[in-house]
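Note that these values count all heavy atoms, side chains included, but never hydrogens, waters or copies made by symmetry. In what follows, chains are A, B, ... by sequence order, proteins preceding strands, each numbered from 1.
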Amino acid sequence: MTRDYVAPVGRDLGWMLRVLSGVVFVSILIPLVWQEYYAIPGLAITSIVTFALGWGLSTRFADADTPNKLHGLMIAATGWFTITIFGSLPFLTISWIVTNPPAIMVTPPPSSSIEALANPLNALFESMSGFTGTGLTMVTNEGALPHTLQWWRSLTEWIGGVGVIVLTTAVLARPGSGSLTLYKSEARSQKIHPSIVSTVRTIWWIYVFFTSLSILLLWLAGLPLWHAINHGMTAISTGGFAVINGSIGAYNDPLIEVVLLPIMIAGGIAFPVHYLVLQGDLDGLYDDLQTRWFAAVLFIGTIFLYLGVLPAYDGAAEALRYSGFQFVSAVTATGFQTATGPAPRSLSAWPTVALLIMVFPMIIGAAAGSTAGGIKIIRLAMLIKGIRFRILSAFYPGSAVRRLQFDDRILDKEEAPREVGEAVIISFLWLVFLTMSVFTLILILPSDAYPLEMILFEVASAQGNVGLSTGITGPESLPATGKIAFIMNMWIGRLEIVPILLTFRALFSWRSIYE
Amino acid sequence: MEEYLRMSRDRPRSHILRWVINSGPDDQILNIFHILGLPLITVVAAVGRTMLTTSIVTGYLVVVAAYITCKSYRSCAAHC
């Protein structure tokens with residue numbers, strides 16, 4: 001890795017860290033409001049350390065070239081991991097202060113949740129889960145956490161929902177191809193305006209507006225304001241962290257579940273489509289191929305899941321309530337759970353067929369350009385249309401000129417294989433990494449503790465950045481190797497694998513390992 | 001009001017207001033809804049759940065929903 005790589009990557013990493021530092025600094029308001037003064041040093045230290053390193057990098061490489069495509073992918077991969085590492089510091093420092101209270105500070109008695117976060121691997125897991133919008137957690141009782149940590153978990157998901165790079169681009173307002181390269185490297189492709197800076201600002205406008213509406217809706221539905229704020233943020237970002245033990249199921253309130261459904265679905269729709277709707281173009285919803293397919297997947301998938309869980313519940317209405325919410329939560333990659341706690345049946349007690357049905361939406365995910373995870377609906381559509389196109393080729397003479405129609409585009413004989421090939425590569429790699437983690441968990445978990453369908457469910461949930469859990473994920477139940485595997489799954493799932501593979505490739509060739 | 005907002009589009013005094021007005025859809029009413037969102041949450045945090053705050057929040061959400069629906073309907077009627 002020469003300076004050609006290091007300088008642009010270092011400069012942009014520096015700016016990302018500086019932005020993170022600002023976000024941590026603003027969060028000091030929370031312990032001030034809630035009088036959790038013992039949390040302030042942890043946030044202050046994180047902010048200072050992050051800013052110092054960010055300032056050093058961005059100053060040292062200030063004259064770096066504009067990032068090209070490879071730089072952009074490497075910045076995305078290394079940037080997300082770096083942000084995750086520094087984002088774990090508030091968990092680590094605050095938990096450490098609570099578990100080892102200095103004589104001059106008044107701290108709450110340490111709970112098992114706080115003690116779990118004092119472990120660096122658990123803190124890193126929590127941070128990766130937050131920034132990638134996954135929602136799997138090392139916390140056994142979210143309600144027992146200090147408000148500051150509840151806020152930091154929600155904020156990591158909220159920022160991660162639109163993307164760390166989108167945030168940095170909006171703050172930097174650096175016009176030109178460099179910002180476009182970075183924007184695309186974070187698993188986004190559609191633009192709202194010709195200018196990338198205007199596009200990311202509009203994305204943030206829509207995101208902030210929808211977050212406000214979500215918070216007010218949830219408050220109106222009966223949630224306490226603090227719960228509404230946090231769940232509004234984690235619902236629209238399709239993250240899924242909760243501030244109550246037992247996720248949304250703990251409320252056992254159908255009204256709150258009904259209010260959350262459109263919020264999660266909104267999070268699964270691409271921002272350009274939201275923009276069209278806000279401009280008064282309601283047809284944009286139907287005209288967009290992804291939104292049409294998303295609606296079809298939601299409808300058909302919910303019916304299948306309903307039929308799968310029906311034998312496990314006492315009545316049809318009860319089965320529809322839980323299957324409908326859980327399917328929407330899975331396909332939008334939110335991860336809120338209602339089949340838990342006081343509910344008649346938790347996910348781990350669902351029939352095998354229902355768990356396997358749930359794996360499908362967790363792999364597919366929702367629309368590209370939204371806050372959701374998975375391989376994205378656009379690739380599912382491309383795969384199906386590409387396969388159909390290839391099979392039908394057998395019925396045409398070899399001299400026939402055929403073009404693949406995809407949404408409003410006509411792909412010629414060079415574009416079609418390239419775009420279908422890209423969807424095939426991502427999907428194939430997705431399944432490869434999924435399989436690797438499944439085998440890892442089979443090897444490290446106690447034999448016969450969890451059936452295969454539960455392991456498959458948990459890995460699909462981690463890699464799809466969903467966050468639904470059958471109970472495997474936890475500070476004690478998941479061994480360290482499994483936590484590392486899930487951290488990797490969440491990371492590659494958020495960035496759609498390729499940036500991370502390219503970064504490793506560049507790293508290996510730098511150390512001459514690859515050769 | 002609309003004319004005033006259009007005239008002031010490029011020179012609001014607050015950085016936040018300038019960001020909101022220049023970043024969102026080209027619709028000043030939506031910008032006003034956007035700007036009202038966070039203060040409303042602050043009011044709810046300060047005052048708590050009362051009949052008045054519940055009515056204000058309900059009114060806000062109903063008006064936002066009605067406005068977007070009406071806008072879409074008008075747009076569709078113009079184009080369809």
Side-chain angles (χ1 to χ4, degrees), chain A residues 29-30 33-34 166 169-171 173 192-193 195 197-230 232-233 236 259 262-263 266 271-287, chain B residues 9-10 12 14-80:
Chain A
L29 276 174
I30 303 299
V33 168
W34 287 102
V166 166
T169 310
V171 172
I192 296 173
H193 306 293
S195 153
V197 174
S198 301
T199 296
V200 295
R201 282 183 172 166
T202 301
I203 287 175
W204 273 102
W205 190 100
I206 296 167
Y207 197 48
V208 172
F209 185 43
F210 281 11
T211 305
S212 304
L213 295 180
S214 305
I215 290 168
L216 291 170
L217 267 171
L218 286 170
W219 179 78
L220 211 56
L223 284 189
L225 184 63
W226 180 249
H227 290 217
I229 290 171
N230 284 275
M233 288 166 70
I236 196 67
V259 168
I263 300 173
F271 281 100
V273 176
H274 286 310
Y275 182 75
L276 287 176
V277 172
L278 289 173
Q279 290 282 45
D281 183 5
L282 209 56
D283 291 346
L285 269 177
Y286 181 77
D287 290 343
Chain B
R9 180 179 176 85
D10 295 327
S14 156
H15 282 288
I16 294 175
L17 282 181
R18 192 184 307 151
W19 179 85
V20 170
I21 290 169
N22 290 333
S23 301
D26 193 14
D27 183 329
Q28 305 303 351
I29 306 293
L30 277 179
N31 282 329
I32 291 171
F33 289 146
H34 188 291
I35 291 164
L36 284 176
L38 288 179
L40 261 182
I41 295 169
T42 313
V43 167
V44 168
V47 179
R49 194 185 293 274
T50 65
M51 184 70 90
L52 181 66
T53 51
T54 306
S55 307
I56 292 171
V57 170
T58 308
Y60 171 77
L61 291 171
V62 167
V63 170
V64 169
Y67 177 75
I68 294 173
T69 309
C70 286
K71 188 177 173 180
S72 302
Y73 178 76
R74 280 205 307 268
S75 175
C76 183
H79 290 99
C80 302

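- Within the 4.5 angstrom heavy-atom criterion, only side-chain atoms of B:Leu61, from C-beta onward, approach chain A.
- Contact annotation for A:Ile229: only side-chain heavy atoms (C-beta onward) come within less than 4.5 Å of a heavy atom of chain B.
- Of the two parts of B:Thr69, neither the backbone nor the side chain holds a non-hydrogen atom closer than 4.5 Å to a non-hydrogen atom of chain A.
- Residue contact with chain A, scored on non-hydrogen atoms closer than 4.5 Å, involves the backbone and the side chain of B:Phe33 alike.
- When heavy atoms are compared at a cutoff of 4.5 Å, A:Tyr275 approaches chain B solely by way of its side chain, counted from C-beta outward.
- Residues A:Phe210 and A:Ile263 are not in side-chain contact: their nearest non-hydrogen atoms beyond the backbone lie 4.5 Å or more apart.
- Every side chain to side chain donor-acceptor pair (under 3.5 Å) that A:Trp205 has, sequence neighbours left out, goes to B:Asn31.
- Considering only residues two or more places apart in sequence or on other chains, A:Trp226 meets the side chain to side chain donor-acceptor pair (under 3.5 Å) condition with A:Gln150.
- In this structure, B:Arg49 contributes its side chain and A:Leu225 its backbone to no donor-acceptor pair below 3.5 Å.
- Contact tally against chain A (heavy-atom pairs below 4.5 Å) for B:Ile35, B:Thr54, B:Leu40: the top residue is B:Thr54.
- For the residue pair B:Pro25 and A:Leu278, the shortest heavy atom distance occurs at CG-CB, 3.9 Å.
- Proximity of a side-chain donor or acceptor of A:Thr202 to a complementary backbone N or O of B:Ser23 within less than 3.5 Å is detected.
- The part of B:Ile68 that comes within reach of chain A is its side chain, from C-beta onward, which places non-hydrogen atoms under 4.5 angstrom from that chain.
- With a 4.5 angstrom heavy-atom cutoff, A:Ile215 touches chain B only via side-chain atoms.
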